[in-house]
*Asks:* 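Submitted below is the structure of interest, expressed as structure tokens.
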Amino acid sequence: MDIFRTKTGKMNESVKLFMEEVLQGLKSSPKTLSSKYFYDDEGSRIFQQIMDMPEYYLPEAEFEIIQTQSEAIARRINQTRLDIIELGAGDGRKMVHLVQVMSQFSADLSYFPLDISEGILKVNEELFRKTVPSVHFESLAGDYFKTLPALKDRTNPRLIVFAGSNIGNFRKGKAVEFLKFIKGELKPGDFFALGVDLKKDPKKILSAYNDPTGLTKRFNLNLLTRINRELKADFDLKSFEHYATYHPITGAAESFLFSLRDQAVTIGDEVIQFQRDEVIQMEISQKYDLPLLQELSSAAGLSLDSVYSDSQGLFSWVLMV
Ligand SMILES: C[S@@+](CC[C@H](N)C(=O)[O-])C[C@H]1O[C@@H](n2cnc3c(N)ncnc32)[C@H](O)[C@@H]1O
């Protein structure tokens, strides 16, 4: 079967792009795989379990901000008509509270979750239809670089949300590029809310990415399983191990897989060689402080408007204009 064609014989562009990016990454030095491909249905399920791990403090800290400060955020935004557009929305379990509170301030409120994973958007929709049925709900599946511009014709003021410290998955240059993309989407009166994980006790950060139950390892290895299935590859999962680091000065938490032996992996028509101990860079989760945020946002032409943090100072929501 031709993996690049659908059952009806049409070119499957997303599989083609996936193949191109995987091969390009694995032919680079060091080898790398893009973390945006972590989230097939199984990857999204594992990530939901990661969010429930005691070591993974991020969702709880962010949820505390949403629980205690949604009203202050709503008062700052102060719009009777509002579109909340969430990029990389996931299951929406944290956002539902913000949307509930905002609906008391905005009579005409719509929520648009955008995500590359259709499966997780179904979970998101079920939650929102059950808990806030009065709010207009419309999900858009696909890459947010494409789906956000597709909402351009709407005239309501917008709050664009990028939560979960997802910006941490970009290295510095890409983070500025992303913020420039957001800046290009904001009209006067719109706000951008960025949820960011802060630099802190390095041991606390490391244990969030190096959990004793091995869920983070499963999450990383699942991308190899996905490549095996979707790109007809033959990664031997038992021959790769997971390794996580945190650098307290740069603020970068990084995940790697490394090869336990010399081996050759076939992906489509290509063969990729791995030496024993050779690593694949899998994911960066950059941690921030205010000066770094200020530097990146001003490089993108955005200004910090207000900052909301949890009681332990682990995480912040930053409104930008
Ligand atoms: C780490 S999860 C966070 C989910 C949610 N925002 C939260 O804070 O719990 C990242 C989500 O972003 C989605 N995602 C990653 N890259 C994306 C892209 N380029 N376009 C759209 N969605 C993307 C993934 O499918 C996943 O559901």
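Values below: all heavy atoms of this structure, side chains included; hydrogens, waters and symmetry mates excluded. Each ligand, and each atom within it, is numbered from 1 in the order the structure gives. Residues: numbered from 1 along the sequence shown.
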*Asks:* Just checking, is any N or O donor in the side chain of S306 or R76 under 3.5 Å from an acceptor N or O on the other one?
*Replies:*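 S306 vs R76: no donor-acceptor pair found between side chains.
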*Asks:* In chain order, what residues pass the ring pair (Phe, Tyr, Trp, His ring centres under 6.0 Å) check against F192, with sequence neighbours excluded?
*Replies:*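 F192 satisfies ring pair (Phe, Tyr, Trp, His ring centres under 6.0 Å) with no residue once adjacent residues are dropped.
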*Asks:* Output all residues satisfying ring pair (Phe, Tyr, Trp, His ring centres under 6.0 Å) with F235, sequence neighbours left out; order by chain, then residue number.
*Replies:*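 Ring pair (Phe, Tyr, Trp, His ring centres under 6.0 Å) list for F235, sorted by chain: F240.
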*Asks:* As a test of reading the model: which residues have a non-hydrogen atom less than 4.0 Å away from ligand 1?
*Replies:* K36, Y39, F47, M51, E86, G88, A89, G90, K94, D115, I116, S117, G142, D143, Y144, A163, G164, N166
*Asks:* Just by distance, with hydrogens left out, do Q100 and T131 show a side-chain donor and acceptor under 3.5 Å apart?
*Replies:* no
*Asks:* Test of understanding: with ring pair (Phe, Tyr, Trp, His ring centres under 6.0 Å), list the residues that count as partners of Y243, not counting sequence neighbours.
*Replies:* none
*Asks:* Strictly by modelled atom types, are D115 and S117 linked by a side-chain donor-acceptor pair under 3.5 Å?
*Replies:* no
